[in-house]
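Here the structure comes first, spelled out in structure tokens, and everything after it is commentary.
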2 protein chains.
Amino acid sequence: MDVTDHQPMHSAGCMRVSKLLSRIGDKWTVLVIMLLRGQSRRFSDLKRGVDGISQRMLTLTLRNLERDGLVTRTVTPSIPPRVDYELTELGHSLAAPIQALGAWAFEHMDRIDAAQATYDEKENAASSPRSGIP
Amino acid sequence: MDVTDHQPMHSAGCMRVSKLLSRIGDKWTVLVIMLLRGQSRRFSDLKRGVDGISQRMLTLTLRNLERDGLVTRTVTPSIPPRVDYELTELGHSLAAPIQALGAWAFEHMDRIDAAQATYDEKENAASSPRSGIP
DNA sequence: CGGCATCCAATCGGATACTG
DNA sequence: CAGTATCCGATTGGATGCCG
């Protein structure tokens, strides 16, 4: 089977996509991957860069990425200790399609916002009228 | 700014990507989108097609997609009632980058599985030894 | 500095029952 | 058929404190 076909995703294939997206679709993974493009960064650097992430979640996110073979973890036992994270080749290859999705989001977010606004407006219009004429 | 640049995602841009991925990265959204490529489908058709989804979650998923302007909902007030869902143009344009991500997942899942296996092996090897020589 | 353990609140999602 | 409403368990993620 050729994944470049127009309808290549049968049930099993979709499951995998869904699974991948569940993994990278969590709250922080994408942000970390984006920060790691081009340069390796140490833990505290990432913590400062992501803005809002807790230490716990950064650790968990990096552990998962490491487990998936998407980042490498390099410990330098100095004082104070230093740990650097870097995208693997696999990680970099994933960054490309993520980037594509990012470009799409960037390009269409106004339309999405508009659609949401319209939808919510109708929502409120439907629930508000207590006597038919609000 | 050109989103096709090599480093186009600043903090704000990344947030949007993350937000988009959080939306489509839930348990069912991608599967529904994939099923809707090419043909519109009615509710029970989707329910049968997704396999494992509850009625509740299918409804919620479709509502969110509708709110984002990615699918249209068409009610035919017959008996029994009939509701068809169809990807909008915006929805179809999103299907493309998702497909790219799917292709990536399909292409690299063996390497990810291998990386996970290796990682878990080392994990167990590190936690097992109760007296140094298990 | 980097990270683990614990506790806890919020959200997610499945099962079930009921409605137009 | 296509939902809505409710209940409840599972998962997520933040805050905090301790450790090497």
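Here the structure is a predicted model, which is why all the values come from computation and not from measurement. Just so we're on the same page: letters track the sequence lines, and every chain starts at 1.
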- Message: Quick test of your reading of the model: are A:Asp84 and A:Arg41 salt-bridged, counting only N-O distances below 4.0 Å?
- Response: no

Closest nucleotide among [options] to the [X] side chain:
| X | options | answer |
| --- | --- | --- |
| B:Ser54 | C:dG3, C:dG14, D:dG3 | C:dG14 |
| B:Phe43 | C:dG14, D:dA2, C:dG2 | D:dA2 |
| B:Asp26 | D:dT4, C:dG13, C:dG3 | C:dG13 |

- Task: Walk me through it: do A:Asn64 and A:Glu66 pass the test side chain to side chain contact (heavy atoms under 4.5 Å, CB included)?
- Result: CA-CA 5 Å; A:Asn64 283 329; A:Glu66 189 192 359; over 6 Å; no

- Distance-minimising heavy-atom pair for B:Ile24 and B:Val30: O-CG2, 3.1 Å

- Task: Taking all non-hydrogen atoms of both residues into account, name the closest pair between A:Ile98 and B:Leu101 and its distance.
- Result: N-CD1, 4.0 Å

- Message: Using a strict heavy-atom distance below 4.0 Å, which residues from residues 71-81 of chain A are in contact with DNA chain C?
- Response: A:Arg73, A:Pro80, A:Pro81

- Which ones in residues 57-70 of chain A lie close to DNA chain C, meaning a heavy atom under 4.0 Å from one of its atoms? A:Thr59, A:Arg63

Let me know the distance between [atom1] of [X] and [atom2] of [N], rounded to the nearest Å.
| X | N | atom1 | atom2 | answer |
| --- | --- | --- | --- | --- |
| A:Asp84 | C:dC1 | CG | C1' | 12 Å |
| B:Asp45 | D:dA2 | CG | C1' | 14 Å |
| A:Lys47 | C:dC4 | NZ | C1' | 15 Å |
| B:Arg41 | D:dA2 | CZ | P | 13 Å |
| B:Arg23 | C:dT11 | CZ | C1' | 14 Å |
| B:Arg42 | D:dG3 | CZ | C1' | 13 Å |

- Message: Are the side chains of B:Thr29 and A:Leu21 in contact, using a 4.5 Å heavy-atom criterion?
- Response: no

- Value rounded to 0.5 Å, distance of CG in B:Leu87 from CZ in B:Arg37: 9.5 Å

- Message: Using 0.5 Å steps for rounding, measure from the CD1 atom of B:Ile53 to the CG atom of B:Leu58.
- Response: 4.5 Å

- Item | Residue closer to the 5' end of DNA chain C, A:Gln55 versus B:Gln55 (nearest nucleotide) | A:Gln55

- Candidate pair B:Gln55 and B:Lys47, rule side chain to side chain contact (heavy atoms under 4.5 Å, CB included), full reasoning: CA-CA 7 Å; B:Gln55 195 176 37; B:Lys47 178 133 174 42; 4.1 Å; yes

- Message: It should be established whether A:Lys27 places a side-chain nitrogen or oxygen under 4.0 Å from OP1 or OP2 of nucleotide D:dG14.
- Response: yes

- Query: Which part of the nucleic acid, if any, lies within reach of B:Arg56 when heavy atoms closer than 4.0 Å are counted: base, sugar-phosphate only, or nothing?
  - Reply: base

- Query: Any side-chain donor paired with an acceptor under 3.5 Å for B:Ser93 and A:Trp104?
  - Reply: yes

